[in-house]
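First comes the structure, then the notes that go with it.
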Amino acid sequence: MAASCLVLLAVCLLLPLLLLGGWKRWRRGRAARHVVAVVLGDVGRSPRMQYHALSLAMHGFSVTLLGFCNSKPHDELLQNNRIQIVGLTELQSLAVGPRVFQYGVKVVFQAMYLLWKLMWREPGAYIFLQNPPGLPSIAVCWFVGCLCGSKLVIDWHNYGYSIMGLVHGPNHPLVLLAKWYEKFFGRLSHLNLCVTNAMREDLADNWHIRAVTVYDKPASFFKETPLDLQHRLFMKLGSTHSPFRARSEPEDPVTERSAFTERDAGSGLVTRLRERPALLVSSTSWTEDEDFSILLAALEKFEQLTLDGHNLPSLVCVITGKGPLREYYSRLIHQKHFQHIQVCTPWLEAEDYPLLLGERPAGSSGRRRGLKQGEQRWTGCTFSEKVALEMLFSNFPDPAGKLNQFQKNLREPQQL
């Protein structure tokens with residue numbers, strides 16, 4: 001009797017889904033140029049998915065982009081009539097019970113919520129998914145694809161289980177389960193993209209998943225910023241962040257000056273200050289897989305070299321982003337008491353970030369990467385510090401020419 005009731009319950013639950021799936025398959029034949037893009041993250045902080053949506057729209061597809069709307073996407077995305085953004089509600093974990101139980105309940109409810117959202121959308125010829133996060137989105141998107149006849153495309157940024165392993169350890173049962181899940185459902189996709197050749201090779205060697213490397217290409221709004229726009233941005237940021245403010249007052253009180261530029265009151269001409277500081281910009285999601293202790297170690301090395309008498313410019317380091325570890329690293333930075341380095345952690349709006357990068361600063365990333373034996377290091381530096389220092393010395397503006405000889409001295413390799 002109990003078994004019959006369970007079978008009847010299962011039929012009652014699945015029958016509506018099957019009927020809806022059949023109807024959506026019929027509808028999909030009329031929407032062959034439609035793509036459903038899914039990211040279980042903040043759309044405004046997912047630039048690669050925004051680029052995918054813009055690229056698909058440019059090639060004649062209509063795009064429904066599902067994701068959290070915690071921050072504003074770029075205007076080019078919002079103004080495109082081929083792109084519809086559907087906001088998802090971020091479900092919070094329960095505050096009772098063991099953490100594993102809390103996580104499990106959240107995953108189940110998130111799976112049901114995402115399934116409901118996808119089934120009541122216009123079906124697409126393709127479901128385009130960013131991974132991570134892939135739990136539970138890979139399984140849900142695959143299931144919806146089976147019902148609706150959509151092909152699943154996964155864009156692999158990293159492995160979700162490996163990020164989970166940074167918190168719980170690689171041998172935690174939850175991490176091992178997540179690895180099995182990601183590998184099993186990842187193989188069920190129809191097409192796979194990834195961001196690097198190393199990721200492509202790892203997917204092929206370890207999981208037998210064939211992927212195509214699609215490198216990030218900056219959107220059209222990433223370009224060199226005119227000097228007057230740079231100045232306006234520096235003045236705007238200076239109202240809330242002291243590193244962008246002028247180090248000294250101009251002789252003419254009506255001259256408008258930032259830490260990097262000044263505008264002549266009479267002519268309106270904007271010029272760069274000769275003794276302006278160097279500018280380093282890094283974006284981050286402040287998650288466990290981005291180890292910013294590497295950058296902090298490089299900044300400490302830079303500070304020490306300056307204190308040792310090397311004639312180096314001062315440095316402004318801007319780390320922009322939102323995430324769970326932001327406060328943790330902000331406290332670490334505050335404890336450093338740098339004398340020649342100023343660090344600020346603003347959240348830049350979608351329109352301001354390209355303008356700041358258009359100033360051509362140095363760039364940095366704390367994303368963890370594996371190192372092989374036999375690689376070289378700079379004299380007195382670890383390999384990680386070498387990478388960060390190379391970006392500092394090779395890219396940022398050096399108006400007084402203070403770095404040239406110092407950079408040559410650092411490039412004396414030694415075998416590990």
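Keep in mind it's a predicted model, so treat the numbers as computed, not measured.
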Under the 3.5 angstrom rule, does the side chain of Arg247 hit a backbone N or O of Arg245 as a donor-acceptor pair? yes
Less than 4.5 Å apart, side chain to side chain, heavy atoms only: is that true for Ile154 and Ile138? yes
Rounded to the nearest 0.5 Å, the CG atom of Leu188 sits from the SG atom of Cys146 at a distance of 7.5 Å
Run Glu262 and Thr271 through side chain to side chain contact (heavy atoms under 4.5 Å, CB included) and show every step you take. CA-CA 6 Å; Glu262 68 176 9; Thr271 56; 3.8 Å; yes
For the ring pair Tyr159 and Tyr161, is the centre-to-centre distance below 6.0 Å? yes
Phe185 and Tyr181: aromatic ring centres closer than 6.0 Å? yes
Near Trp116 CH2, under 6.0 Å, is it more than 12 heavy atoms from other residues, nucleotides or ligands? no
Between the OG atom in Ser137 and the CG atom in Leu118, the distance rounded to the nearest 0.5 Å is 9.5 Å
Tell me, do Pro47 and Tyr353 make a side-chain contact under 4.5 Å, heavy atoms counted? no
Between Met49 and Phe128, is any pair of side-chain heavy atoms under 4.5 Å apart? yes
Look at the side chain of His340 and the backbone N and O of Glu303, then say whether any donor-acceptor pair between them is shorter than 3.5 Å. no
Is there a side-chain contact between Phe260 and Val316 in this structure, where contact means two heavy atoms from C-beta onward sitting under 4.5 Å apart? yes
Taking the side chain as every heavy atom from C-beta outward, state whether Leu237 and Val318 have any pair of such atoms under 4.5 Å apart. no
Do side-chain atoms of His74 reach the backbone of Glu76 as a donor and acceptor pair under 3.5 angstrom? yes
Look only at the side chain of Arg326 and the backbone of Thr345, and say whether a donor-acceptor pair between them is shorter than 3.5 Å. yes
Any side-chain heavy atom of Leu348 within less than 4.5 Å of one from Leu355? no
Report yes if some heavy atom in the side chain of Ser248 is under 4.5 Å from a heavy atom in the side chain of Arg257; otherwise report no. yes
Which heavy atom in Met235 sits nearest to a heavy atom in Ser258, and how many Å separate them? SD-CB, 3.8 Å
Results of side-chain hydrogen bond (donor to acceptor under 3.5 Å, both in side chains) for Asp308 - residues two or more places apart only: Gln304
Test item: Leu135 and Tyr103 side chains (from C-beta on) under 4.5 Å apart, heavy atoms: yes
Is it the case that atom NZ in Lys179 sees more than 12 heavy atoms from other parts of the structure closer than 6.0 Å? no
Would you indicate whether Phe109, at its atom CZ, is surrounded by more than 12 heavy atoms from other residues, nucleotides or ligands within a distance under 6.0 Å? no
